[in-house]
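What follows is one structure encoded as structure tokens, with my remarks underneath.
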Amino acid sequence: MLTLHTADLLVTGDPRYAPVPGGALLADGRTIAAVGPYDEVAAAHPAARVRRWPGLLTPGLLNPYGPELLEGAYHPDPREADALGTEPLTGGTALTALGMTDARWGASARRGVQRMLAHGTVAVAGPLRRPAVADAVRRAGMTSRQRTAEPPGPPSLDPLAGRPLAEAVLTPLLPYEGRAATFAVFDVPDETALAGRGAATCVATVIEGRLLYRRR
């Protein structure tokens, strides 16, 4: 099925290609079939289903803190909010007190992955040593990448915290041939606003053509 995703501005993630006002990405199942101005792509593919998004369409993002956020933090179940709050719990003392089991690590990672998807994240970097955690990442459609150095700064669910969009992009949208339809959309007008407001402005995350997060 052809699905045409369009937004106010499309950023390719490759400095060789300028942003496209009123840009569009055509997904043919799992892969990208076209990228360009909406009017041109829509005219060439009139049968495509259209999804209109507000703001900025970008490549999917890589969060460099995979182990820290998924194996070094516990993401509470909403039913635990009264006792544990809603923010991730970190530190050896706190995690030991929780009596973490493989099943609990897996459940925590699934919730953590959902929070990452809500920030436009489509992949994490760093070694994931707990099978339950690695399985949660894989089942969500995200990928895990190696990292060559420890990332600077404290771990953050926002992959744009402390670094520009260009450094957070997993794979540019252009050239599109053979590339997965993996991208994110943010409710901001441009890159400057995205840098200022962060990835929490995400309204949609798509991995290989599948809409895995949509803000309600």
Side-chain angles (χ1 to χ4, degrees), residues 58-147 149-163 165 167-171 182-188 194-208 210-216:
T58 78
L61 306 182
L62 171 72
N63 191 306
Y65 300 106
E68 292 82 0
L69 292 173
L70 298 176
E71 297 186 334
Y74 177 71
H75 298 267
D77 188 298
R79 294 169 295 183
E80 301 173 310
D82 288 344
L84 301 179
T86 59
E87 294 303 308
L89 302 177
T90 60
T93 301
L95 295 177
T96 298
L98 291 172
M100 297 297 293
T101 62
D102 287 343
R104 200 167 192 187
W105 275 119
S108 169
R110 289 190 291 274
R111 293 187 291 269
V113 163
Q114 290 304 309
R115 298 184 76 177
M116 288 181 163
L117 289 170
H119 287 77
T121 296
V122 300
V124 297
L128 298 177
R129 297 184 172 88
R130 295 183 182 275
V133 172
D135 185 63
V137 170
R138 178 182 59 81
R139 286 179 178 272
M142 293 171 59
T143 56
S144 178
R145 303 298 178 91
Q146 293 184 340
R147 63 187 185 194
E150 294 297 312
S156 174
L157 285 166
D158 186 346
L160 298 174
R163 59 180 182 156
L165 176 62
E167 294 181 12
V169 164
L170 178 64
T171 305
T182 296
F183 58 92
V185 185
F186 302 91
D187 191 11
V188 294
L194 180 60
R197 296 176 57 189
T201 56
C202 181
V203 295
T205 302
V206 176
I207 297 180
E208 294 186 347
R210 294 185 297 153
L211 180 61
L212 296 182
Y213 169 75
R214 182 175 186 174
R215 181 187 292 174
R216 297 175 181 175

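Contact record, Y213 with C202: CE2-O, 3.7 Å, taken as the closest heavy-atom pair.
Every residue two or more places apart in sequence or in another chain was checked for a salt bridge (Lys or Arg N to Asp or Glu O under 4.0 Å) with E71, and none qualifies. For R215, there are no salt bridge (Lys or Arg N to Asp or Glu O under 4.0 Å) partners at least two apart in sequence or on another chain. R111 meets the side chain to side chain donor-acceptor pair (under 3.5 Å) test with Y74; sequence neighbours excluded. F183 is linked by a ring-ring contact (aromatic ring centres under 6.0 Å, His included) to H5, counting only residues two or more places apart in sequence or in another chain. Applying the salt bridge (Lys or Arg N to Asp or Glu O under 4.0 Å) rule to R115 yields the partners E87; only residues at least two apart in sequence or on another chain are considered. Applying the side chain to side chain contact (heavy atoms under 4.5 Å, CB included) rule to L62 yields the partners A123, A125, R145, L170; only residues at least two apart in sequence or on another chain are considered. By the side chain to side chain donor-acceptor pair (under 3.5 Å) test, R79 pairs with D77, sequence neighbours left out. The side chain to side chain contact (heavy atoms under 4.5 Å, CB included) check on Q114 picks up L117, with sequence neighbours excluded.
At least one donor-acceptor pair under 3.5 Å links the side chain of T182 to the backbone N or O of E208. In this structure, H75 contributes its side chain and L69 its backbone to a donor-acceptor pair below 3.5 Å.
For residues 89-102, no residue pair satisfies the side-chain hydrogen bond (donor to acceptor under 3.5 Å, both in side chains) rule, not counting sequence neighbours.
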Just distance, no hydrogens or angles: give the donor-acceptor pairs under 3.5 Å from side chains in residues 131-144, sequence neighbours left out.
{"residue": "D135", "atom": "OD1", "partner": "R138", "partner atom": "NH2", "Å": "2.4"}
{"residue": "D135", "atom": "OD1", "partner": "R139", "partner atom": "NE", "Å": "3.3"}
{"residue": "D135", "atom": "OD2", "partner": "R139", "partner atom": "NE", "Å": "2.8"}

Below 3.5 Å, can you tabulate the donor-acceptor pairs from side chains in residues 149-161 to any protein atom, sequence neighbours excluded?
{"residue": "E150", "atom": "OE1", "partner": "R147", "partner atom": "NH2", "Å": "3.3"}
{"residue": "S156", "atom": "OG", "partner": "D158", "partner atom": "N", "Å": "3.0"}
{"residue": "D158", "atom": "OD1", "partner": "L160", "partner atom": "N", "Å": "2.8"}
{"residue": "D158", "atom": "OD1", "partner": "A199", "partner atom": "N", "Å": "3.3"}
{"residue": "D158", "atom": "OD2", "partner": "A199", "partner atom": "N", "Å": "3.1"}

* Output, in order, the C-alpha distance, side-chain angles, deciding distance and verdict of side-chain contact (heavy atoms from CB on, under 4.5 Å) for L194 and T201. => CA-CA 8 Å; L194 180 60; T201 56; 3.7 Å; yes
* Start with the C-alpha gap between L165 and F186, add the side-chain angles, then the distance that decides, and say whether side-chain contact (heavy atoms from CB on, under 4.5 Å) holds. => CA-CA 12 Å; L165 176 62; F186 302 91; 5.7 Å; no
